[in-house]
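Working notes, beginning with the structure itself.
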Amino acid sequence: MLAKAAMTSGYGSQLDPLTLDSDEHSSECDTDSLTRKAPTVVSDFATSADTSASTFKRPRVEPAEFSVRAHGFKRPRQKPCVTASGTETPSFIPLSTFPEVEDANGVGDCFIVPSPPNPQIHSLTPQQRLVIDLVQKGKNVFYSGSGGTGKSLVLHHIVGILKDRFRDEHNDRLAQGSSCGCCACKVAITAPTGIAAIPIGGTTVHRATGIGIPRRRQDFNRMWNAPVKRRWRNMSVWIIDEISMVSAELLESLEQMIRRIRTPADLLPGVPFGGLQVIFSGDFFQLQPVLEKITHTSDDQFLNRGLAFEAPAWTRAKLTPVILQHVFRQSDGDFVDLLNGIRTGENPAALEEIAKRCSRPLPMEAGILPTVLYSKNADVDKYNHDRLRELPEQEVVLVAEEHIYTNEGLKKEEARNLALQQAQFNQLRDAEFWKLCTALKELSLKVGAQVMLVRNLTLTGKESDLVNGSRGVVVGWAFRDVILEECRAVLRSKQYPETPKEVEAQLMYDKLKATCFNLIPIVRFRNGREIYCVPERFSYEILNTGECVRWQVPLKLAWAITIHKCQGMSLDYVQVTLKDIFAEGQVYVALSRARSMEGLQVIGNPSRGDVRVSPKVMEFYRALTANEASSVCPLDFPDVPIVVPPEEILDRVKASHMVRTDASFEKFIPKSDPPISVTCYHCKKQGHAAFECRMRPIL
Ligand SMILES: Nc1ncnc2c1ncn2[C@@H]1O[C@H](COP(=O)(O)OP(=O)(O)OP(=O)(O)O)[C@@H](O)[C@H]1O
């Protein structure tokens, strides 16, 4: 029994026996608590077959009169796996047996690097190429541009190039000794939020640096934790996407810590970022970091203040800036100009103009309503919930199939081995992935539900026009058996080279056979295309530990989402509710998701006063484009107080020619040039020998 499946087994018990697949998975599905009548198969349902470009007929089942809460079933494997309680024996399924990780993230000891997009699909603009050239030359780069200029696309190319620069293969043994040269160990791909990190195959800045959610500046000392320290000493390149959401205080504190970790004590203060190549991508006109609420007034409190370019570390990094100019998301030049006027604050009246032109209700196209954007979570949840409830159809809850694969197998029946497996299992079980994965653990759908893809689909083995953010509507349900049979019929006459229809059938067949989902939603997209939306594999690997896998239908309800969640998305059919706007850049982020004015509706009578742009950001970009020094002064942050283990202090003390001044061995005075003011105390509170060491600001 697979471990994660065991964790969700409560849902695996509601499968209708009538819908069981005849293959080997079926026997594993419990059938005890389902109370429903047999669904009827309506074989000729496809009402929109005329508009569908699909190669498959879509026989539909009517889920009426039954309560379905099924599909995420325990999947049998050849080998048993450890449970949450550790009562079963763990399985060893080498990661190499799995297909390439599609949305893996760097966590734990290492980073998994995603495959780059096919470079032939897009020809890059000269500016996009320039960014890549600079990266290849080893420069520190900050590249920016308005929404839709291809920042994320360039990032994927950069990752591909770095993958070529460093070895592909991870060396476990060397990694222990801190010098594995594989790309995963050498490149930290990060973003400030999980939502932004997952699509680039990265991890959050907080997780990569091991700082968690810092409340006090002292919390940055978590970076001295041995594996984190080792990782950052070994790292060569640090990528931060959506840099606009990283605060100056965070960047400054991390830079200080990374520099100290990477610089031998006798060479302090060292070079910026300890010599790491840094690549920052983002648009400061978009969403900004959320300021911590001040709960108490302590000197040590971490407040997440300022924008990244206000950090002294930003100046020290000597970044080469590149501004991408060509907007790809929207093809209508007029719309691009209006959006840019709102983005930079130069033409706030553009908001009124867009609102006027886009105030009419959007027609329902192919049964699809536009996605509604709200600024607040509560509005979104309520809206989606209400809309789903209003639908008269039977609700079906698709429960994800989840698995944990630990790296450590049952090679030896040793207690140590089992303990390691348990530790790996615990780490995987607690991974952020389960919370942040874009595929939901439980997806409630009804016929008529407005949905959105949460991943790009490769239906015929190539990139399709159905991408993350594509809008659709659930038009029916199909039985797994029926789809499998259809696939078999197509594949029976398979020849080489395969036709797109055969590739599609094979991919669909494989995905269905890999899971136990017995009802598959049929979704019609805005372009009229109608598909079986079969489960996809979402995975997350922690190097040297194992892999978390979630199989789920790649959809989410899309009547509404928050503006913060939509940063980075392209939406083809969107209704923006401009009320309760509370952040700078929020109006621009909301409107610039739309691919065209035809697909945009604005609600709420906004006025030019609703356009809020930070004067600091305006000045920053003005100076950048004019190639002048910005008048925005770096903020002044006190240096991070360092609490390091004694051996670190002692190394530093020795290397900095510090002398002990008292017999109790608790206080040191440095004699170094440049002078570093260090005071070390025995840490009695923590009950072990640690020292607090205050260093003077190193600039
Ligand atoms: N050189 C190019 N040729 C063709 N299409 C491109 C090119 N660069 C980007 N695009 C397309 O433009 C769209 C927007 O790109 P992307 O999401 O990378 O923009 P972005 O700058 O990251 O946007 P945002 O700031 O809103 O996150 C995508 O569909 C992408 O494929």
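One-based numbering, in listed order, for ligands and for the atoms of each. Nothing here was measured: the structure is a model prediction, and the numbers come from that model.
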Are any non-hydrogen side-chain atoms of Ile531 and Ile522 less than 4.5 angstrom apart? no
I'd like to know whether CG of Asn605 has more than 12 heavy-atom contacts from other residues, nucleotides or ligands below 6.0 angstrom. no
Hey, looking at atom 7 (C) of ligand 1, which of Phe285, Tyr588, Phe328 has the closest heavy atom? Phe328
Any side-chain heavy atom of Val131 within less than 4.5 Å of one from Leu124? no
When only distance counts, is Arg595 in polar contact with ligand 1, meaning an N/O pair under 3.5 Å? no
More than 12 non-hydrogen atoms from neighbouring residues, nucleotides or ligands closer than 6.0 Å to NZ on Lys376, yes or no? no
Pairs of nitrogen or oxygen atoms closer than 3.5 Å, one from Ser152 and one from ligand 1: do any exist? yes
Looking at every non-hydrogen atom in both residues, tell me the closest pair between Leu555 and Pro521 and how far apart they are. CD1-CG, 4.3 Å
For Phe285 together with Tyr588, are the ring centres under 6.0 Å from each other? no
Ligand 1 atoms nearer than 4.0 angstrom to some heavy atom of Ser123 are 1 (N), 2 (C), 3 (N)
Charged tip of Arg622 within 45° of Phe620 ring normal and under 6.0 Å: no
Determine whether Ile354 and Leu339 make a side-chain contact, defined as any pair of heavy atoms from C-beta on separated by less than 4.5 Å. yes
Atom indices of ligand 1, in the order listed, that fall short of 4.0 Å to a heavy atom of Gln128: 1 (N), 8 (N)
Yes or no: does Gly148 have any heavy atom under 4.0 Å from an atom of ligand 1? yes
Measure the distances from the heavy atoms of Gln286 to every atom of ligand 1 and state whether one is below 4.0 angstrom. yes
Indicate yes or no: does an N/O atom of Leu124 lie under 3.5 Å from an N/O atom of ligand 1? no
What do you reckon, does Leu153 have a nitrogen or oxygen under 3.5 Å from a nitrogen or oxygen of ligand 1? yes
Does some non-hydrogen atom of Thr149 fall short of 4.0 Å from ligand 1? yes
Would you say ligand 1 has an N or O under 3.5 Å from any N or O of Arg593? yes
